[in-house]
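Okay, structure first, notes after.
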Amino acid sequence: AQSVTQLGSHVSVSEGALVLLRCNYSSSVPPYLFWYVQYPNQGLQLLLKYTSAATLVKGINGFEAEFKKSETSFHLTKPSAHMSDAAEYFCAVSETGSARQLTFGSGTQLTVLP
Amino acid sequence: DSGVTQTPKHLITATGQRVTLRCSPRSGDLSVYWYQQSLDQGLQFLIQYYNGEERAKGNILERFSAQQFPDLHSELNLSSLELGDSALYFCASSEAMNTEAFFGQGTRLTVV
């Protein structure tokens, strides 16, 4: 069985500060891991995905995430927050890479303060 | 714009009624997935179709059904609606079974 835990349902950062959104997963096989972003009244947009090619994954909009097997973590970071980053972020795991078996975390709402 | 189109964007209906949500996948995508996003359950996978055939079922209620038509668009039918069915319903599509999926903007269903 697979599961995802996102620590912190709400995170606030100042504009220009580091963004760190935490995700821990559980999977019985080497997982595929994803971060999605949802802007208000929008669908889910894929930020980045880990598919075992490299442990540090770079995504869109300056985000990146590092896969740490020993910690079963896949935290999302961005060096400098921008006002436009305010959104809800979802971490997801799949044992096959297929969207049919995506298990999502409960989401983290990111607020960027001016 | 992901290329996945969902209609309608908003739907308000009464308990006990039946509604149909429509999804047009990206051009060339054969696989369609339906997800439900609710406050208490979060994002949950409901069902997947691939080239017209049902391929996987998740936490889909018996009151819900779906199909994928020859032109690859899909419909999610929700019947005997209850207040708890109020949620955002997403459709996603992918080119093949195990490729990246692209999500539509969702249909917000409110049951009153």
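Lettering follows sequence order; numbering is per chain, from 1.
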Residues 16-26 of chain A side chain polar contacts: donor-acceptor under 3.5 Å, at least two apart:
residue, atom, partner, partner atom, Å
A/N24, ND2, A/E71, O, 3.2
A/N24, ND2, A/T72, O, 3.2

Open item on the list: Under a 3.5 Å distance rule, please check whether B/Q68 uses its side chain to pair with a backbone N or O of B/L30 as donor and acceptor.
Closed with: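 Yes; judged by distance alone, with no hydrogens or angles, the pair exists.
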Open item on the list: Closer than 3.5 angstrom, by distance alone: can the side chain of A/T108 be matched with the main-chain N or O of A/G8 as a donor-acceptor pair?
Closed with: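 Yes: the side chain of A/T108 pairs with the backbone of A/G8.
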- [ ] Give the member of B/K9, B/R108, B/Q37 that has the highest number of heavy-atom pairs under 4.5 Å with chain A.
- [x]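 Of the options given, most contacts go to B/Q37.
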Open item on the list: Is A/L44 close to chain B through its backbone or its side chain, or both, or neither, when contacts mean heavy atoms under 4.5 Å?
Closed with: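 Looking at A/L44, backbone and side chain both touch chain B.
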Task: Side chain / backbone / both / neither for A/Q45 at chain B, heavy atoms under 4.5 Å - done: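 It is neither, since no heavy atom gets under 4.5 Å.
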Open item on the list: Taking side chain to side chain donor-acceptor pair (under 3.5 Å) as the cut-off, I'd like each qualifying pair that reaches into residues 58-67 of chain B, sequence neighbours left out, listed once.
Closed with: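 Side chain to side chain donor-acceptor pair (under 3.5 Å) check on residues 58-67 of chain B returns B/Q44-B/N59, B/R63-B/D85.
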Open item on the list: Which atoms of B/I47 are under 4.5 Å from chain A, going by heavy atoms: the side chain, the backbone, both sets, or neither?
Closed with: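 No part of it gets close to chain A.
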